[in-house]
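The structure appears below as C-alpha cells.
Lettering of chains follows the sequences in order, A, B, ..., and the numbering in each one begins at 1. These numbers were taken from a predicted model, which means no experiment stands behind them.
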Amino acid sequence: MSSSDLLSVAPVLIISVWAILLLLLDLFIKNKGLTASLAAAGVAAALVVVIVRFGSDQVAFSGMIVADTFSDFLQIVILITALLGIAVAYDYLRRMNMERGEYYTLMLFTVAGMLLMSLAGDLILIFLAIELLSVPLYVLSGFARPEKGSEEAAMKYFILGAFSSAFLVYGIALIFGSTGTTNMAGVAASIAGNHANLTLLTIAIPMLLVGLGFKVAAVPFHMWTPDVYQGAPSAAVAFMSVGAKVAGFAALLRIFVSALPELSQTWGPVVVAISAATMIWGNVAAIAQSNIKRMLAYSSIAHAGYILMALAAAADPSVSEEAVSAALFYLFAYLFSNLGAWTVVLALERSEGRGLLIEDYAGLGRRRPALALAMAIFMLSLIGVPPTVGLIGKFLLFRVTIDAGLTGLAIVGVVTSLISAYFYLGVVIKMYMGTGEPESRSEGWLNRSAGLTALVTFLLGVLPGPILILARSSGFLTP
Amino acid sequence: MEAWILSLVTFFPVVGAMLLLFIRKEREAAIRWAALMTAVVTFLLSLLMLSGFDSSDPDLQMVVRLPWFSIGDLQIEYFLGVDGLSILLVLLTTFLTVLSIISTWTAIVERVREFMIFFLLLETGMVGVFLGMDLFLFYVFWEFTLVPMYFLIGVWGGERRMYAAIKFFLYTMAGSIFMLLAIIWLGLEGGTFSVPDLIEAQAIPGNLQFWLFLAFAAAFAIKVPMWPLHSWLPDAHVEAPTAGSVILAGVLLKMGTYGFLRFNLGLFPEASIRLAPWVALFAVIGIIYGAAVAYAQKDVKKLVAYSSVSHLGFVMLGLFALNIQGLQGGIVQMINHGLSTGALFLIVGMLYERRHTRDMDAFGGLWRVMPIYAGLTLIVVLSSMGLPGLNGFVGEFTILIGSFGSEAIGSVWFTIVAVVGVILAAVYMLYMFQKLFLGPLDNDKNKVLLDINRREIFTLVPIVILIFWIGLYPRPFFGLTEASVAKVVELVSSAAITMR
C-alpha cells in the first residue's frame, strides 16, 4: 500500500471518518441544522477531492480498487445526490417531527458504501460495499418509527435485501470456484485464457443478476419497491431512489462489462429480456397508481429498465464504451429529474401521510406556480419531451440500443415512453387543470432544491454538451 | 443579416415570453399589448427574411450552422435554413400568430399571462419546425410544440378539455416516437443528422426506405391528419380556445404535410414513388370522408374541423402527385387552408363569444343583425369551397392538374373522386352558411346580437385581402416555391429512373 493508494479512496475515507466523527459530535449538538450542515460539508469535501483527481486512472490496493473516470463520474453523481438528499431532508424531518442527528450519519455511511461500490475492482469488495450501503438504508426506511408503514417498509426491505445479497454472494462464490479469483481483471483473464469452468459461470450469472437486479429494482426483483417507497420517509426515498440505483448500476456495469465481456452471448439476451420486462411492467403498473409515492416507485422501476437497455447494448463489444457512457449520462439526468420530482412530493406531504395522492396536487398551478412549473419540468423530463434532459438521455440510450442491433428493444423503449406520458401527464393535468387548494408550506431548502434541479433539468436539455463530453470520457472501464 | 435573421425569427417570441414574466399578472392589458407587440415584431422580422430571400435559388438560404453537441462521433448541429418549401409556411405562422393574439383580446380573461407565454412559446416551436435542418433539432422543435398546445387546450379549453388535451398529446407522440427511431437510424447510417447532406447522399437502399418512410409517415400522417388517423382532431379543435384552434388548423397541421414534403420525398424518393398510389388513396378517402362527416355535424366548430380533414386530403394528393404542379399546388393549398380555415375558426369563435353555443340549429337569419360579419364570412366560405377568383380555387385547381397528369399516382380515378370532393365542399360549406345566416331570424337571443367590432374586423380583413390576392394574382406565391419544388421533383424523377 502506498500513499497514492490512499488517494484513490480518499472520498470514501473522508466520508466514513466524517460519519464516525459526526456520530459523536451530534451528541453535543442541539440544533440539528448544524448536523445537517456538517454532513453536507463532509460530502462537499469529498466532491472536491473527486473533481480534483478526475481523470487520473489508478488501480490500487492490489486491484481491489479501480479508480478510473468511470468511477469518478459515478462518485460525482452519488455525492451530488447526497448533497441534495441532505438539503431536502432538513426541512422535511423538522416538519415531520423526526429530526434526529443519526439520519445524516446514516446517510453518510450509505454514501460511503455507494462510493466504494463504484470503485470496487474485486467481487468481494462489491459485496462489502453493497452491505455497507444497504444496512443504513434499511434503518433509514424505518426512520419514521413508530409509524407502522415505515417499520413495515424497513422490515420488508431488510428481509428481501438480505435474501438478494445471499444470491449475490452465491454468485460470487461460484465465480471464484470457476476462475479461482474474485478480482475482476483476473476473472476476465481467466475466461479469456480458457481456464474457467463455464458451467459454473453460467449458473453464477443469473445469481449476480438477481442480487444486483434487486438493488436497481428491475423486474421481476422489484416487488419491494412500491411498498418500501410508500412506507419509508419520503426524504430517505428521494435519496435512495437515485443513490441505490446508481450504486447498483455501477456494480452491474463494472462486473458485466469489465469482468464478463467474453460471456456477453450468455448474459446479453437475459439482460434484454429483463430490460424489456422492466420497462413494460414499470410503466404499465404506474398507470394504476393513485398515490404519488407508489407512482414514482413504479416510475423508478421503469427507468431502471431504460438504463438496462444500455447494459444490454454493452453486450456488443463494438458499442460497449458508448453504451456505458449513455448509461452514465442517463444516471446523471435521472438524478435531477427524479430527485426533483421527489422534492415536490416532500413539499406537499403533510403529517400522517396526507397530501400524497395525485388528487392532492389539484390546483397547485395556481397556488404555487413556481413549484408546479418545476414539477411539470420533471414530469416532461421523465417522459422524455424537449427541452429537457430526459429527451437527450433517452436519445442516447435508444441510439446505442439501435447501434447494437437491438431494434426490438428500442421499440419497446419508445412505446413504453409513450405509455409513461399518460401517467406523468396525469400529474400535470391535476396541477394545472384540476381545481383544489393544496396545502403546502414554502420551505427554504426544499424550494432551493426544487429550483436547482428544475433548472439543471432544463439547461441540460438545451446545452447537454459538457456533461456529454464528461460521460463520453468516462465510458471506458479500466480492465 | 444573413446569419442571424432566422435565429431571430425563431427565438424572438421566447424573448417576448420572458419579458412577460416581469409584468405583474394583474396588468392584463399591458400583458396583451406586450404579447401582441412581440408577435408583430416577429412578423416584421419574417418579412425582413422574405426581403432577403432569393426565389431563384433552390437551396437553403440564410443558413446558420453551428455545432450544438456531439453524441459519439455524431455531430448534432444548430442548423437553420429556409428555402421555397418552407418560407411561405414561416410567414403563415408569424402572420396567424398576430391575428390569433388579437382574437384573444376579450376571449381569454383568465390567466392571461400564462396564456400569452404558452402562445409565444408555441410560435417558436412552429417556426423552428419549419426552419430546423438538423434532424435532431427538428425533432426537438416538433416534439416541443406539443407542450404549449397541450396547456392551451387543457387549461383554456372547453368542458372536455382534459380528455382532449391528453388525447392530443398521446396521439401525436405515438407517431413521433417511431420517427425518433428512424432519425437515430438515419444518423447512425449516414453519419450526420443534416437533412440537406442526407438528401444529397441518397445512400439509403430501396428496401429500407420503405420502413423509414413509414416511420416518418407515422408522425406526419397523424399530424396532418390523414384518414384514418384523424380522430384526435375533432376533439382537440372543439375543446381548444379559438386562438388555439386557429393555430392548430392553420399551422400545426401543416407541420405534417411539410414533413412529408421535406423529409419523405427528399430522403426516401424511391419509397415515395412506390407508395404514392397508397398515399393518394388515403388522401382521397380523407377528402370524401371528411366532407361527408362535416356535413353531418350540428356543431359549427366540428364542421370546420372535419372540413380540415377533407382539405388536407387535397394537399396530400398534390404532394404525392410528385410533379411540379402537384407540389406547388400542395404548398399553396397549405397556405390557403391556413388562411381560410384559420378565418373560419375566428368566425366561429366570434359567434361563440356572443352566444356561448355553436349549435347550428340555434341560429338563422344572422345576416340581418350582423351584416358585416355575414359578408366577411361569405367570402371566407366561398374561398374555402374553392370559388374561382379566390385562393382556394387556385390551390385545388393546380393540385388537380398535377394529380391528373401524375405518373406516380398512376390513375385518373383519384382525381375524379377528388373533384367530387370539391363539390361536396360546396355542399357542406353552403349548408353551414345557410343555417347560420339565411332563413328567418326566429330566435330571440339572436335578435339582439351586435355586429362585429373594429378589432374583430381587423382580425379578418388581412386574411380576406390575402384570399383575394392569392385568388387573383398567385404568381408571387408560386414564384417563391418554384425553384425548390423543381429541385425536389428532379430528385424524385432521377430516383424513378434508377428504379427502372
Side-chain angles (χ1 to χ4, degrees), chain A residues 319 321-323 325-326 329 365-366 369 373 376-377 380 383-388 391-392 394-404 407 410-411 413-426 428-434 460-469 471-472 475, chain B residues 14 21 25 67-74 76 78 110-111 113-114 117-118 121 124-125 128 136-137 139-147 150-151 153-157 161-163 165-167 169-189 211 215:
Chain A
V319 292
E321 200 177 327
E322 295 269 5
S325 43
F329 184 87
R366 272 169 202 272
L373 176 68
I377 291 176
L380 291 176
I383 303 172
V385 173
T388 61
L391 173 73
I392 313 276
K394 281 196 175 158
F395 186 74
L396 291 176
L397 289 181
F398 296 147
R399 192 187 88 89
V400 291
T401 314
I402 293 177
D403 209 358
T407 314
I411 290 176
V414 290
V415 171
T416 52
S417 299
L418 176 67
I419 297 173
S420 78
Y422 183 77
F423 61 85
Y424 289 126
L425 285 179
V428 180
I429 286 189
K430 273 280 170 280
M431 290 192 304
Y432 284 94
M433 303 160 201
L460 280 182
V462 183
L463 298 168
I467 303 298
L468 275 172
I469 292 169
R472 185 161 159 69
Chain B
V14 175
L21 284 174
K25 66 171 181 253
W68 184 13
F69 61 89
S70 58
I71 295 174
D73 310 319
L74 267 178
I76 290 176
Y78 173 73
E110 270 183 64
R111 304 203 230 177
R113 188 171 65 170
E114 284 96 327
I117 289 174
F118 282 128
L121 291 180
T124 289
F136 186 76
L137 181 68
Y139 181 82
V140 166
F141 282 124
W142 171 274
E143 203 68 346
F144 175 69
T145 55
L146 288 185
V147 179
Y150 166 77
F151 280 103
I153 298 175
V155 177
W156 291 273
R161 57 180 186 267
M162 290 192 199
Y163 169 78
I166 196 138
K167 188 170 178 180
F169 198 107
L170 291 180
Y171 225 113
T172 345
M173 191 176 164
S176 45
I177 54 175
F178 292 104
M179 179 168 74
L180 178 64
L181 291 184
I183 287 176
I184 293 174
W185 195 93
L186 279 171
L188 282 172
E189 289 299 303
W211 293 105

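Among A/Leu463, A/Thr407, A/Ile392, the residue with the largest count of heavy-atom pairs under 4.5 Å with chain B is A/Ile392. Heavy-atom pairs under 4.5 Å with chain B were tallied for A/Pro464, A/Gly365, A/Ser417, A/Ala410; the largest tally goes to A/Pro464. Interface summary for chain B: among A/Glu322, A/Glu321, A/Lys394, the most heavy-atom pairs under 4.5 angstrom belong to A/Glu322.
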Exercise. For the pair B/Phe136 and A/Leu391, evaluate side chain to side chain contact (heavy atoms under 4.5 Å, CB included) and give the outcome as yes or no after the intermediate values.
Key: CA-CA 11 Å; B/Phe136 186 76; A/Leu391 173 73; 4.0 Å; yes

Quiz item: side chain to side chain contact (heavy atoms under 4.5 Å, CB included) between B/Tyr150 and A/Ile429: does it pass, once the steps are laid out?
Solution: CA-CA 10 Å; B/Tyr150 166 77; A/Ile429 286 189; 2.8 Å; yes

Practice problem: Take A/Arg399 and B/Ile71 through the side chain to side chain contact (heavy atoms under 4.5 Å, CB included) test and state the conclusion after the steps. | Solution: CA-CA 9 Å; A/Arg399 192 187 88 89; B/Ile71 295 174; 3.2 Å; yes

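Around the OH atom of A/Tyr422, the shell of radius 6.0 Å holds no more than 12 heavy atoms that belong to other residues, nucleotides or ligands.
With a 4.5 Å cut-off on non-hydrogen atoms, B/Ser176 does not touch chain A at all. Proximity to chain A (any heavy atom under 4.5 Å) is shown, for B/Leu146, by neither the backbone nor the side chain. When heavy atoms are compared at a cutoff of 4.5 Å, A/Leu468 approaches chain B solely by way of its side chain, counted from C-beta outward. Heavy atoms closer than 4.5 Å to chain B are found nowhere in A/Phe329, neither backbone nor side chain. Contacts of B/Trp156 with chain A are absent, with no heavy-atom separation under 4.5 Å from either backbone or side chain. The contact between A/Ile402 and chain B is made by backbone and side chain atoms together, counting heavy-atom distances below 4.5 Å. In this structure, chain B has no heavy atom under 4.5 Å from any part of A/Val400. Residue contact with chain B, scored on non-hydrogen atoms closer than 4.5 Å, is absent for A/Ile469. At a 4.5 Å heavy-atom cutoff, the contact between B/Leu188 and chain A is made by side-chain atoms alone.
Looking at heavy atoms from C-beta onward, A/Val428 lies out of side-chain contact with B/Phe169 at the 4.5 angstrom threshold. For the pair A/Val414/B/Leu181, a side-chain contact is recorded, criterion being any heavy-atom separation below 4.5 Å from C-beta on. Looking at B/Phe178 and A/Val415, their side chains come closer than 4.5 Å, going by heavy atoms from C-beta outward.
Looking at A/Arg366 and B/Glu114, no side-chain N of the basic residue comes within less than 4.0 Å of a carboxylate O on the acidic one, giving no salt bridge.
The side-chain hydrogen bond (donor to acceptor under 3.5 Å, both in side chains) search around B/Arg113 returns none, not counting sequence neighbours. Qualifying side-chain hydrogen bond (donor to acceptor under 3.5 Å, both in side chains) partners for A/Tyr432, counting only residues two or more places apart in sequence or in other chains: none.
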